[in-house]
Structure formats: structure tokens, C-alpha cells
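Encoded as C-alpha cells, the structure appears first; notes follow it.
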Amino acid sequence: MLKLKINDKEIEVEEGLTVLQACEAAGVEIPRFCYHERLSIAGNCRMCLVEMEKSPKPIASCAMPATDGMNIKTNTPLVEKARKGVMEFLLVNHPLDCPVCDQGGECDLQDQSMYYGLDKSRFKENKRYVSDKYMGPLIKTQMTRCIHCTRCIRFATEVAGVPELGAIGRGEDMQITTYLEKAMESELSANVVDLCPVGALTSKPYVFEARPWELKKTETIDVMDAVGSNIRVDSYGWEVKRVLPRNNDDINEEWISDKTRYACDGLKNQRLDTPYVKIDDQFKKITWKEAYDILTKKIANVLPDKIAGLTGDLTDMETMYIVKEFFEKTIKSPNLDCRSDHIYVDNSNRSNYIFNPTLNGIEQSDLVVIIGANPRFEATILNSRIRKSYLNNNLQIFSYGDVGNLTYPYKILPNDTSEIKSLVDGDSQLSKKIISAKKPIVILGQSFFKIKSAQTLFDQLNNFLKSNGKINNEWNSIGVISNHSATVGAYDLDLINNESSRNITLDKIQNNTNEILFLFGQDNLNFTKKNEFVVYIGTHGDKGAEMSDLILPGAAYTEKESHYTNLEGKLQKTYKASYPPGDALEDWEIVNKLSELIKRKKLFKNKNELIDSMINYLKLKKDKGSNTLEKSKNEFVNEKIAISEMDYYYSNVIARASKTMSECKNSLLKLMKTGTDG
């Protein structure tokens with residue numbers, strides 16, 4: 001520990017900290033523009049000047065390492081004069097257009113000029129003008145406001161892994177630009193909007209929408225992927241205006257993906273706001289009473305075994321739990337599942353389907369093996385953690401199959417199951433690397449669980465890692481990437497209908513053996529409809545609604561309080577930021593009312609009772625320990641592991657309804673076409 005004085009107060013700090021960090025540890029706030037905790041040090045704004053004993057002039061505290069015996073002063077006349085001088089320089093060319101700037105009200109330059117700005121400038125020269133740059137459909141630029149802090153450049157290079165931003169020119173002619181005036185090719189690109197301390201980079205979809213003090217701020221959880229990023233939803237009235245990241249060092253740090261940030265405009269498009277029934281291939285608006293009457297009569301005339309249900313990729317845990325109760329207790333049908341594909345899962349032990357090493361654990365790892373996954377698109381934030389570990393720990397990365405640019409270099413191995421077989425048999429070079437590694441991670445994507453010999457290879461991989469001490473009480477090398485926010489929660493709640501490790505519900509649906517099919521927010525099902533009566537309970541007029549005979553409008557994730565379990569097994573809660581449109585209800589209410597009409601008794605008196613029952617179910621399952629799943633004999637098949645290509649910008653109903661996501665997709669297609677033509 002180092003001992004130093006800050007404003008005549010003695011403190012102890014760890015070695016390796018800068019003077020700025022030491023000041024913050026002492027409770028002293030230092031103004032800054034270029035410094036950021038998660039980026040490398042640039043030291044080019046000079047706003048963080050402090051006085052150091054025996055130094056003839058102020059020092060930049062962000063770039064000066066703290067040393068033993070230092071005497072630092074942050075509140076002297078010299079420091080104040082130096083900071084005011086820096087602020088005067090920063091405002092020389094600033095357009096001073098706060099009334100029309102989207103950063104107004106949450107601008108670092110605005111805040112700090114209140115303390116260190118002067119009411120007049122000594123510079124009489126004309127202000128310079130810098131032309132605006134094109135950075136894609138998400139980022140609006142006004143480069144005359146830029147103060148050259150270079151945060152955006154450092155973020156793009158270090159965190160996003162796409163070195164597409166840089167500075168050209170020198171001195172007054174310096175400009176921040178993309179090299180070829182094209183959109184940033186990153187799923188994290190819009191984080192530069194949060195990083196920009198002035199209004200040079202602002203949100204293009206949010207331009208002139210609202211002022212920060214007009215918005216209601218709700219801290220909640222993202223559901224666009226299985227990572228469960230912590231976010232803040234800003235709403236105006238009932239409309240969600242924007243989504244911003246919340247700091248959570250264990251999950252998303254302070255970054256979010258572009259889809260998380262900008263798909264929110266899909267919450268107001270193509271919404272279902274009233275029940276509909278299909279008559280002569282036309283949807284007709286009906287009341288809730290009429291909808292319930294139609295459905296209860298249908299159910300009364302059908303055998304339980306002829307009723308099936310699938311939950312969707314965005315379905316919250318409360319809905320899944322009450323649907324499970326509805327199928328088991330009200331209609332007594334076994335045909336309920338959460339999978340719209342034939343994906344192998346053994347949910348007898350939780351470690352079989354979660355990301356066991358955790359997101360934080362990636363930074364401790366020294367070897368990563370990727371099988372059947374593209375982390376960049378399937379879990380963008382997880383991918384950024386792998387890049388961070390690669391930069392800091394010299395991480396070795398191997399992938400079975402070429403999955404394109406993952407923002408870090410990796411060695412490509414043949415994506416045959418025979419190669420995985422040689423890995424688990426200990427015959428390959430990679431087997432030896434895993435055995436000698438301290439904390440290896442084997443990342444398994446959903447594409448791996450779709451292959452014919454998934455069961456055999458998964459069991460053998462587990463045995464290989466256990467026998468070599470890579471699965472123990474302190475570390476578990478198996479890291480499963482789920483593609484959807486609902487997946488882990490559904491497995492926790494046992495929403496699977498397996499027989500000999502096969503999805504029976506999906507088999508029955510595809511064989512058209514059901515008379516009634518419930519789709520609870522399920523929009524990814526591919527099957528040819530015949531005589532089934534399809535009931536869709538969901539939020540958007542998407543694929544599920546199109547094939548249905550009866551539509552019951554539900555609530556989106558920002559319109560209810562609900563629970564989701566992320567890919568590493570953390571149970572998190574979303575909070576209500578707005579209201580469902582029109583006559584739409586929360587999904588659990590619809591199922592509860594339906595149960596009351598069929599059995600003359602509600603499944604749960606209120607939502608609190610539902611949540612308590614669900615939590616008890618999860619606790620009992622945890623306390624009971626593993627149940628042995630009945631498995632079929634699964635032979636090894638030599639085949640390719642075809643990595644399913646995810647339509648990143650259209651991966652769920654909200655994203656498909658988003659105008660911004662459509663623009664992103666079009667921009668990407670245009671970029672690919674240009675690259676091909678070139």
C-alpha cells in the first residue's frame with residue numbers, strides 16, 4: 001500500500017493507481033473529459049490538473065502514477081486558474097448550441113463549464129467548422145462540438161475491437177473520423193454516444209425526441225439476448241423513448257449492444273391491443289369475454305392429450321410458471337415445451353445448461369474453446385469479455401469452424417464431430433492444452449446441441465473435463481450460450497417434454513396430431529398448419545399471430561414486473577416502465593382468468609402468490625438436487641457442426657418491428673454488397 005497526502009489528508013491506496021484514482025479514493029472529485037475507467041489513458045484534455053508538491057506546474061492526474069509520500073492539492077488557486085484556462089481553450093471553437101443539442105442536460109462540458117467557465121472569452125478569432133461524418137444509422141455527428149478527448153477511438157479499438165475510428169490532421173486541423181466514411185461494423189458501436197462528454201456524437205434515432213428531465217427513468221433488465229444486461233428505460237408518457245446501460249461489473253459492466261439500446265422503438269409498432277378471431281381468413285376484433293367464450297368452448301370439446309403449447313423466446317418466468325400450472329392442473333395436458341427446435345438438453349443438473357464460468361470468470365481464463373457458437377452475435381457482451389481477456393491475459397482461443405470476425409484472433413479447427421471425439425478421447429493437441437490450462441472454458445452454442453450426437457459428445461466432454469479436474473467445486477469449464485432470455489428460466493422451471501431425449505411436443509405439433517395449439521409469445525415455430533385451432537398470446541402481429549385463429553394481446557417486458565434468468569443462472573427482475581396498449585393484459589392474467597373460467601377457480605389469487613409459488617418451486621428443485629434424466633442410447637455420428645446463422649437485427653418480435661433495426665440491417669447488407677463489389 002502507498003501512503004500519500006491529498007488536501008492535507010493522509011490516505012493509503014493500492015499500488016498501480018493514478019493520482020486521479022487516489023483522489024477519488026479520498027472522496028475528492030476531479031473533473032475530466034478524456035479519462036474513463038474502462039479505457040486506456042490518453043491524458044489529452046488536461047482538465048484533471050492538480051498541484052503536486054515540488055512540481056513547478058500543475059500535473060495531469062489521470063496520467064501520473066501515485067507514489068509513496070506524494071503531497072497533492074486539488075483546490076488551490078493555481079489549480080482553479082489552470083482548469084479555467086483549459087476550459088477557455090476547450091470552448092474556443094465550441095458552437096455553444098446547448099438549446100438545440102441532444103446532450104443538453106446530461107453534458108459533461110455543460111456541467112463543468114458551470115464551475116470553470118468564464119462569462120466571456122479572450123479569443124476573437126472565428127470559430128472553426130468541421131464537417132459532420134457518416135457513422136451509420138445509429139450515431140449522429142456534429143463534429144464542430146468535438147473536443148478531441150479520443151474516448152470514441154479508444155472504445156472502438158480496445159472494447160469493440162473494430163479499429164475504424166481515428167484522428168487525421170494536427171493541431172487545430174485535427175478531426176475524428178471513420179477511415180472510409182462508412183458505418184461502424186460493431187454491435188457495440190452506440191456506446192460511443194454515452195462516452196462522448198460533449199454533443200459531438202449523439203443518438204440518431206433519439207434526435208430531438210425529449211429532454212432528460214422530461215423522462216421517467218426505470219431501472220430494469222434487457223431481454224434482447226440471454227446475457228441479461230442491466231439497463232435504464234427512459235419513457236415519456238407510455239412510450240419508451242430510449243434505453244441506456246446501467247453499471248453492473250458482474251454482467252455488462254457499462255456497455256450494452258446496439259440491439260438492446262435501439263430495438264425499443266419496436267415496442268410501439270405492430271402491437272396487438274385487442275383480441276382478434278379469424279373468420280374466413282380475416283381477423284375480426286372481439287371483446288375479451290367473446291375471446292374467452294370461444295376458447296373455453298374449444299377446450300371443453302377436446303381431449304387433454306390433443307392440446308399442446310409452446311412458450312416463446314421472450315416469455316418471462318411468471319408466465320412460464322403459470323402456463324406450466326395451467327397445463328398440469330387445469331387442462332391436464334403433458335404437451336408443453338419451450339423449444340421450437342429439436343435441441344438436446346439435460347436439465348437434471350443446472351450446470352448442463354448455464355454458463356458456469358460466469359462472465360467475470362472469462363477474465364480469469366487462460367484458454368477458450370468455442371464449439372458450435374458465434375459469441376459475437378449470440379451474446380455480444382460475453383464476446384466483449386473474451387476480447388478484454390485476450391487483451392489483458394494473452395488468452396488462447398480456438399474455434400471448431402470459421403465463424404468470421406469475432407473481434408479477436410482465434411485458431412480455426414475443422415468443425416467435424418470426429419475432431420470433438422478426438423478431443424474428449426485425449427488424442428488431440430488441444431486436449432493436452434486443456435489439461436495443462438489452469439482455468440479453461442469450453443463454450444458450447446445452441447448449434448452444438450442440434451447435432452445428432454449432441455448427447456454422446458456432451459456427456460463425454462463432461463467426463464473428460466471432470467476426470468482432468470476442470471470441473472470441480474471452484475471451477476466449471478462448461479459454458480453454454482443460450483440464444484434467448486427465456487431459455488435458462490424455462491429449463492429451471494422444467495418446461496421440457498422429453499422422451500428418450502427428444503422433444504415430443506414439437507414432434508406432435510409437426511405431425512399435426514393436436515387440435516388446439518397455444519403459442520405463448522412463440523414466433524419462431526416452423527410447421528405446416530392443417531386443422532389445428534391456434535391460440536396466440538403475445539405482443540406483436542408477427543409470425544405467431546399470422547398463423548393463429550385466436551389472438552390474445554399480452555404485455556412486453558417494459559410493461560410488467562417479471563423475472564428472467566440470464567445465461568449464467570442469475571435471477572433478475574424487470575420493472576414496469578410503461579403500460580400495455582389498448583386492452584392488452586399481462587400474460588399471467590390471461591392464463592389465470594382462463595383457468596378460472598374452465599375450473600371456476602383461479603390458479604393464483606394475485607401476482608405475489610404466483611411469484612412466491614414459483615420461487616418455492618425453484619428452491620425445492622435446488623434442494624432436491626439432480627434428478628436422473630431418462631436418456632436414450634445415443635450413438636456417435638460423424639457429421640459437420642453447422643453453426644446456425646443468426647439474423648442478429650431481426651432475432652425476435654420486438655427487433656423485427658423496430659424501424660431502427662431495419663435500417664441497421666439494410667446498412668449491413670449495403671456494406672456487404674459494397675465489399676463484394678469491391
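All residue numbers refer to positions in the sequence shown, counting from 1. Because the structure is predicted, anything quoted here is derived from the model rather than measured.
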Going by atom types only, do Q572 and N230 share a side-chain donor-acceptor pair under 3.5 Å? yes
Test item: side-chain donor near acceptor, N252 and R246, under 3.5 Å: no
Under 3.5 Å donor-acceptor, D523 side chain and G544 backbone: yes
Between the side chains of S203 and Y262, does any donor sit under 3.5 Å from an acceptor? yes
Check this for me, if you would: do D222 and K259 make a salt bridge, where the nitrogen-to-carboxylate-oxygen distance has to be below 4.0 angstrom? no
Do the side chain of D337 and the main chain of N503 share a donor and acceptor less than 3.5 angstrom apart? no
Between atom CG of N652 and atom CG of L314, what is the distance when rounded to the nearest 0.5 Å? 4.5 Å
Within 6.0 Å of CG in N526, more than 12 heavy atoms from elsewhere: no
Verify whether one side chain among S662 and Y650 offers a donor that lies under 3.5 Å from an acceptor in the other. yes
Out of curiosity, Y321 OH to L495 CG, how far, rounded to the nearest 0.5 Å? 11.0 Å
Taking NZ, NE, NH1 and NH2 as the nitrogens, is one of them in D293 or K297 under 4.0 Å from a carboxylate oxygen of the other? no
Taking the inter-plane angle between the rings of F327 and F520 on a 0 to 90° scale, is it parallel (under 30°), tilted (30 to 60°) or perpendicular (over 60°)? perpendicular
What is the distance from atom CD1 of I322 to atom CG of L610, rounded to the nearest 0.5 Å? 5.0 Å
For K298, is the NZ atom crowded, meaning more than 12 foreign heavy atoms sit under 6.0 Å from it? no
So CG of L336 and OG1 of T311: to nearest 0.5 Å the spacing works out to 6.5 Å
Does K665 make a cation-pi contact with Y649, if we ask for NZ or CZ under 6.0 Å from the ring centre and within 45° of the axis? no
All heavy atoms of Q510 vs all of H342, minimum pair found to be OE1-NE2, 3.5 Å
Going by atom types alone, do N352 and D346 pair a side-chain donor with an acceptor below 3.5 Å? yes
Hey, mind stepping through F518 and I299 against side chain to side chain contact (heavy atoms under 4.5 Å, CB included) and telling me if it holds? CA-CA 11 Å; F518 282 94; I299 291 170; 3.9 Å; yes
Where do S340 and N524 land on the side chain to side chain donor-acceptor pair (under 3.5 Å) test, with the steps shown first? CA-CA 6 Å; S340 57; N524 301 320; 4.9 Å; no
Just by distance, with hydrogens left out, do T505 and N497 show a side-chain donor and acceptor under 3.5 Å apart? yes
What is the minimum heavy-atom distance between Y353 and S482, and which atoms define it? O-OG, 4.1 Å
Pair E559 + R271, salt bridge at N-O below 4.0 Å: yes
Could you check whether T220 and T574, counting side-chain N and O atoms only, form a donor-acceptor pair closer than 3.5 Å? no
Is any side-chain N of the basic residue among K560 and E586 closer than 4.0 Å to the acidic one's carboxylate O? no
Atom NZ of K216: over 12 foreign heavy atoms under 6.0 Å: yes
Show, in sequence, the C-alpha distance, side-chain angles and deciding distance for L552 and L295, and conclude whether the side chain to side chain contact (heavy atoms under 4.5 Å, CB included) test is met. CA-CA 10 Å; L552 306 178; L295 192 48; 4.2 Å; yes
Could you tell me whether N531 atom CG has more than 12 heavy atoms of other residues or ligands within 6.0 Å of it? no
Thinking salt bridges, do E239 and K241 make one under a 4.0 Å N-O criterion? yes
Shortest non-hydrogen contact between I509 and F527, atoms and distance: O-CD1, 3.5 Å
Backbone N or O of L138 within a donor-acceptor pair of the D258 side chain at under 3.5 Å? no
I'd like to know if R242 pairs up with D234 as an ion pair, taking the criterion as any Lys NZ or Arg NE/NH1/NH2 lying under 4.0 Å from an Asp or Glu carboxylate oxygen. yes
If we ignore hydrogens and angles and just use 3.5 Å, is the side chain of D102 paired with the main-chain N or O of F208 as donor and acceptor? yes
Heavy-atom nearest pair, L188 first then A160, reads CD1-CA, 4.2 Å
For the residue pair F458 and F449, is the inter-centroid distance of their aromatic rings smaller than 6.0 Å? yes
Per side chain to side chain donor-acceptor pair (under 3.5 Å), D492 is matched among R350, K622, K621 by R350
Does E561, at its CD atom, have more than 12 non-hydrogen atoms belonging to other residues, nucleotides or ligands within less than 6.0 Å? yes
Ionic contact status for K543 with E546, cut-off 4.0 Å: no
Sidechain N-carboxylate O distance under 4.0 Å for K529, D549: yes
Determine whether D305 and K508 satisfy the following criterion, salt bridge (Lys or Arg N to Asp or Glu O under 4.0 Å), listing intermediate values before the conclusion. CA-CA 10 Å; D305 196 46; K508 287 184 176 180; 3.3 Å; yes
So which heavy atom on M320 is nearest to which on G489, and how close? CE-C, 3.9 Å
Any sub-3.5 Å donor-acceptor pair from D265's side-chain atoms to K659's backbone N or O? yes
Flag if over 12 foreign heavy atoms under 6.0 Å of NZ, K329: no
Please check this pair: side chain of N592 against backbone of K602, looking for a donor-acceptor N/O pair closer than 3.5 Å. no
Is the closest side-chain donor-acceptor distance between E532 and N512 under 3.5 Å? yes
Which atom of T330 lies closest to which atom of K599, heavy atoms considered: O-CE, 3.2 Å
Parallel, tilted or perpendicular: rings of Y276 and F283 (30°, 60°): perpendicular
